[in-house]
J.: 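Handing you this structure, nothing more for now.
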Protein chains: 2
Amino acid sequence: MATNTKERILGAAEQLFADRGFPVTSMRDITQEAGVNLAAVNYHFGSKEALLIAVVKRTIEPVNRARLDQLDKLEATSGGLPVPTEHIVRAFLNPPFKKWCECGRNDPKFLKFLGRIHAEVDQELRAKFIEQFDTIDQRFSAAFQRSLPDLKPVEVHWRVLFLVGSMSHTMTWAESIIATDDQNQRDPEEILEALIQFAAAGMEAPVPKQATFITGGVVR
Amino acid sequence: MATNTKERILGAAEQLFADRGFPVTSMRDITQEAGVNLAAVNYHFGSKEALLIAVVKRTIEPVNRARLDQLDKLEATSGGLPVPTEHIVRAFLNPPFKKWCECGRNDPKFLKFLGRIHAEVDQELRAKFIEQFDTIDQRFSAAFQRSLPDLKPVEVHWRVLFLVGSMSHTMTWAESIIATDDQNQRDPEEILEALIQFAAAGMEAPVPKQATFITGGVVR
DNA sequence: GTCTATATGCGGATAGAC
DNA sequence: GTCTATCCGCATATAGAC
């Protein structure tokens, strides 16, 4: 059954890539974990790298679609006014964590894989990853800019980078922390709420003095 | 000259590990970049992994020492009162970025390597990395706890995770962004200030409702 | 679509001359 | 301390039978 094989490979690859990283996960590891033949990966995907791209797309697309849906709704009901910053942050962070909450036991490495995508260092791979985020980046940056009119565009961009950093680091390590550290037990929902509080406050931080008064003039 | 060879290897390894990641950087890459013989790595360090540990220590130790120094001074001059949150954040973020500002052209990959350390996924390697942060973690968590007495310890720990995330992601990507994105030009100093503003506001965010009222009772 | 067998290359590590 | 030559294993990928 071809479809089944393909799915099994995608699932196993997601788990192992998340856990160990892309370069150190061999196709033998993947096919063994998936219970399929070694040659199946090249037959179905063409190469190891093409498999990675497929896994990334499968993982990211629904999440990013949900993000845009939520942002669409927020903007549709705001009556032309800027959407509150915290709501934008929530629309950005909810989708990945929601899936974590729901199918935690089903797909335990989903979140970690998502976090790993943001930290991938290989130049070529990274280029293929970030193009998946082009629309997200534009839409959310624009929304943040409207909700934070006192900030210059540059400032918004850097704060979005900080936000993504706190998110991806949390996605990468939250499960290990919960699994090993008894003192820091929290439900996924609580972690998400804590992260939203942190990130929203960060986005809404007072306008930095230096950036306002020293660098003046050119706005974009 | 042995010492020189050792230094050259450490420098080249730092650059390449930062740029491409540990697993995909071969010893041949390193020795070629350093202009030394292939066998020199094993002679001086014993193995590729031991070399990585050496690079990590060389990179992290001065940074963490500076962090503790700054925190010591803050606490010594606070007269027993809690140190303001923003000052603690500053003591944590200043040292790595300061080195970036100073020797930017000298050691252009220093910051990226530092960021990569926090994102490393391999279990064994990560264990060796985080033990370098034990003291830092304890001291800064305690300081934050004193400056934010309304937060439960769990909450402080998670917020520190968010803080580290925004920091490491910024360290990993700041240079690429500055190098490629004309619209988001900023001096290292400005980026540091922006990050401090963001992180301090996040740490000082209002106590989350759910964590306060739903999870009650046990504090550690 | 699935499998076995294999081509081909690169990886870390080391033996032993200098 | 430094270098050459080499061992040996594992990686991806594919050819070709079923």
J.: In whole angstrom, give the distance that lies between atom CG of B/Leu51 and atom P of C/dG11.
T.: 15 Å
J.: Without decimals, in angstroms, what is the distance between A/Leu52 CG and D/dA11 C1'?
T.: 16 Å
J.: Would you mind telling me which residue lines up with the more 5' stretch of DNA chain D, A/Tyr43 or B/Tyr43, judged by nearest nucleotide?
T.: B/Tyr43
J.: Counting the atoms with a prime plus P, OP1 and OP2 as sugar-phosphate, which does A/Thr31 contact under 4.0 Å by heavy atoms, base, sugar-phosphate, or nothing?
T.: nothing
J.: With nearest nucleotide decided by heavy atoms, which residue, A/Asp29 or A/Gly46, maps closer to the 5′ end of DNA chain D?
T.: A/Asp29
J.: Between A/Glu7 and A/Arg58, is there a side-chain N and carboxylate O pair less than 4.0 Å apart?
T.: yes
J.: I want to check one thing: is the phosphate of D/dG1, taken as OP1 and OP2, less than 4.0 Å away from some side-chain N or O of B/Thr5?
T.: no
J.: A/Asp29: which residues meet the salt bridge (Lys or Arg N to Asp or Glu O under 4.0 Å) condition with it, sequence neighbours left out?
T.: A/Arg20
J.: Once salt bridge (Lys or Arg N to Asp or Glu O under 4.0 Å) is applied, do any residues pair with B/Arg146, and if so which ones, sequence neighbours excluded?
T.: B/Glu75
J.: Nearest whole angstrom, please: distance from the P of C/dG11 to the CD of B/Gln32.
T.: 11 Å
J.: Hey, can you pull the donor-acceptor pairs under 3.5 Å for the side chains in residues 125-134 of chain A, sequence neighbours left out?
T.:
from, atom 1, to, atom 2, distance (Å)
A/Arg126, NH1, A/His118, O, 3.2

J.: Scan nucleotides 3-10 of chain D nucleotide by nucleotide, 5' to 3', and note B when protein non-hydrogen atoms come under 4.0 Å of the base, S if they reach only the sugar-phosphate, - if neither.
T.: BB------
J.: Taking atom C1' of D/dA11 as reference, at what distance in whole Å does atom CG of A/Leu16 sit?
T.: 16 Å
J.: CZ of A/Phe45 versus P of C/dT2: gap in Å, rounded?
T.: 11 Å
J.: Assess the side chains of B/Glu175 and B/Trp100: does a donor N or O sit below 3.5 Å from an acceptor N or O?
T.: yes
J.: Of all residues at least two apart in sequence or in a different chain, which pass the salt bridge (Lys or Arg N to Asp or Glu O under 4.0 Å) check with A/Asp187?
T.: none
J.: Report the distance from atom CD of A/Glu49 to atom P of D/dA11, rounded to the nearest whole Å.
T.: 18 Å
J.: I'd like to check the salt bridge (Lys or Arg N to Asp or Glu O under 4.0 Å) partners of A/Lys48; sequence neighbours left out, ordered by chain and number.
T.: none
J.: I need the CG-P distance between A/Asn42 and D/dA11, as an integer number of Å.
T.: 14 Å
J.: Grab the CZ-P distance between A/Arg20 and D/dA11 for me, whole Å please.
T.: 11 Å
